[in-house]
Amino acid sequence: MLVLVAPGQGAQTPGFLTPWLDLPGAADRLRAWSEAIDLDLVRCGTEAGAEEIRDTAVAQPLLVAAALLSAEALLGEGFGTGPGASAAPGAAGLPGVVAGHSVGEVAAAAIAGVLTPEEAMVLVRRRGLAMAEAAAVTETGMSAVLGGRDPEGIPAHLERLGLTAANRNGPGQIVAAGTAGQLAALAADPPEGARVRPLQVAGAFHTEHMAPAVAAMDAAASALVPADPRMRYVSNADGRLVGEGKEILRRLVAQVAGPVRWDLCMETFLSLGVTAMIEVCPGGTLTGLAKRGMKGTTTLAVKTPEHLEAARALLAGQARDADGPGGA
């Protein structure tokens, strides 16, 4: 079985969408989404500098647009008639499981058919703006805590400093979130044997500091009528499979202020029999986590259209294995 995953904030780099504009229809697709959300995704993904695309209000819709553009190119008619799609990808079928890390969950919901791509873009634009507004209230941020002699004791160490374990990303990586002062205290007093690395994000996401953004997300979500997912969808909240569209949408709203449990998502992937992972554009972060937390799993990160052929072959190979003797 194969899982298709979408990365979260921090995966973006200046100019990363440039090669994707060579796909037929890609620029038109991005321009249509840009008009719908009043943000020039083409310019942001090709010309904007690192500081501009670090802005939460820009980064989040940019990442979801990249995930959807690359997923459509990969899956073809299985997901939509997106740019770069040909007759071949549709024959490969759909992934057995889909998930996203943090804002990547919005892209995953669209890939699973819970939201349309246009609905996902409008929702993530509101998400980014609301979280940016919440982050502006107090100077906050996030730092990765890597390694440590007692990984199980790290959350308690963070709590003593007033920090939240906002992301539990798997073995050897927990992301702490809180005020600038609390993060400075962590840098001065890290857990024994651990390294602390500040992250280039503009707020303490997935913590109580984002509570004001939940109300804004809830208002935006109330206008949507989600469909039930057409493939297995795994939630960041607890790593559980969620089969009802309304519940997925409810979780997307609540997750803004709740911790990301990617460690539990990976446990679920393994329990479902996942043997391969494709990470849509801008891939790399989640496949890196899988190499540590899902050892033995075949991984492929889609960074540019040059990776699509290999991704299609991997997806088609998984489909053939499932249809063969002992497949399900």
Same apolar cluster (I L V M F W Y, side chains within < 4.5 Å links), L75/M277: no
Check: N236 side chain, G100 main-chain N or O, donor-acceptor pair, under 3.5 Å: yes
Side-chain donor or acceptor of Q12 paired with backbone N/O of A59 under 3.5 Å: no
Co-membership, hydrophobic cluster, residues M1 and L315, 4.5 Å side-chain: no
Heavy-atom check, side chain of P171 versus side chain of D263, under 4.5 Å: no
Donor-acceptor under 3.5 Å (T304 side chain, E306 main chain): yes
Audit row: I278, V5, side chain to side chain contact (heavy atoms under 4.5 Å, CB included) steps and yes/no: CA-CA 6 Å; I278 295 174; V5 297; over 6 Å; no
Between CG on residue L272 and CG on residue L241, distance to nearest 0.5 Å: 5.0 Å
Test item: side-chain donor near acceptor, N169 and H101, under 3.5 Å: yes
Test item: R312 and L308 side chains (from C-beta on) under 4.5 Å apart, heavy atoms: yes
Shortest non-hydrogen contact between L17 and A66, atoms and distance: CD2-CB, 3.7 Å
Summary of salt bridge (Lys or Arg N to Asp or Glu O under 4.0 Å) pairs that have at least one residue in residues 49-61, sequence neighbours excluded: R43-E52, E51-R54
Closest non-hydrogen atom pair, P14 against A48: CB-O, 3.7 Å
Donor-acceptor pair, side chain of H307 and main chain of C281, under 3.5 angstrom: no
Flag side-chain contact, heavy atom, 4.5 Å: V234 against L264: no
L21 side chain reached by T46 side chain, heavy atoms, under 4.5 Å: yes
Nearest non-hydrogen partners of A67 and A107, listed with the distance: CB-CB, 3.7 Å
Nonpolar side-chain network containing V225, other nodes, edges under 4.5 Å: none
Check ion pair R29-E118 (N to O, under 4.0 angstrom): yes
ILVMFWY network linking L4 to M266, side-chain heavy atoms under 4.5 angstrom: no
Reported CG-to-OG1 distance for the pair L2 and T298, which is rounded to 0.5 angstrom: 9.0 Å
A57 backbone acceptor or donor facing R125 side chain under 3.5 Å: yes
A311 versus V302, closest heavy-atom pair with distance: CB-CG2, 4.1 Å
Side chain to side chain donor-acceptor pair (under 3.5 Å) contacts touching residues 129-146 (sequence neighbours left out): none
Interatomic distance, D228 atom CG to Y233 atom OH [nearest 0.5 angstrom]: 13.0 Å
Close side-chain approach of T56 and V201, heavy atoms under 4.5 Å: no
Verdict with reasoning, L115 to L123, per side chain to side chain contact (heavy atoms under 4.5 Å, CB included): CA-CA 10 Å; L115 304 173; L123 183 64; 4.0 Å; yes
Non-hydrogen side-chain atoms of V274 and V97 separated by less than 4.5 Å: yes
Distance in Å, Q318 CD paired with L94 CG, rounded so as to fall on 0.5 Å steps: 13.5 Å
L69 vs V280, side chain to side chain contact (heavy atoms under 4.5 Å, CB included): CA-CA, chis, key distance, verdict: CA-CA 9 Å; L69 198 70; V280 294; over 6 Å; no
Path from L129 to M121 over hydrophobic side-chain contacts below 4.5 Å: no
Listed pairs under 3.5 Å, donor-acceptor, residues 283-291 side chains, sequence neighbours left out:
{"from": "T287", "atom 1": "OG1", "to": "E279", "atom 2": "OE1", "distance (Å)": "3.3"}
{"from": "T287", "atom 1": "OG1", "to": "G284", "atom 2": "O", "distance (Å)": "3.1"}

G293 versus L270, closest heavy-atom pair with distance: O-CD1, 3.8 Å
Any side-chain heavy-atom pair of M131 and R127 under 4.5 Å: yes
Spacing of CD1 belonging to I53 relative to SG belonging to C44, to within rounding of 0.5 Å: 8.5 Å
Hphob cluster co-occupancy, V3 + V260, side-chain heavy atoms under 4.5 angstrom: yes
Nearest-0.5 Å distance, CH2 of residue W262 to OG1 of residue T268: 10.0 Å
Residues H157, E192; criterion side chain to side chain contact (heavy atoms under 4.5 Å, CB included); working and verdict: CA-CA 10 Å; H157 183 96; E192 187 178 2; over 6 Å; no
Validation row: I248, P229 side chains within 4.5 angstrom (heavy atoms): yes
Check: G239 main-chain N/O paired with E267 side-chain donor or acceptor under 3.5 Å: no
CA sep, side-chain torsions, deciding dist, call: S235, R251, side chain to side chain donor-acceptor pair (under 3.5 Å): CA-CA 8 Å; S235 168; R251 285 171 175 246; 2.9 Å; yes
Using a 3.5 Å cut-off and no angle test, enumerate the donor-acceptor pairs between side-chain atoms of residues 205-223 and protein atoms at least two apart in sequence or in another chain.
{"from": "H206", "atom 1": "ND1", "to": "Q255", "atom 2": "O", "distance (Å)": "2.6"}
{"from": "H206", "atom 1": "ND1", "to": "G258", "atom 2": "O", "distance (Å)": "3.0"}
{"from": "H206", "atom 1": "NE2", "to": "S102", "atom 2": "OG", "distance (Å)": "2.6"}
{"from": "T207", "atom 1": "OG1", "to": "A204", "atom 2": "O", "distance (Å)": "2.7"}
{"from": "T207", "atom 1": "OG1", "to": "H209", "atom 2": "N", "distance (Å)": "3.2"}
{"from": "S222", "atom 1": "OG", "to": "A219", "atom 2": "O", "distance (Å)": "2.6"}

Connected hydrophobic set around I174, excluding itself, where side chains approach under 4.5 Å: V145, I154, L158, L161, L163, L183, L186, V196
T13 side-chain N/O to F16 backbone N/O, donor-acceptor pair under 3.5 Å: no
Atom of A11, atom of P7 and distance for their closest heavy-atom approach: CB-CB, 4.0 Å
Over 12 foreign heavy atoms within 6.0 Å of CD, E35: no
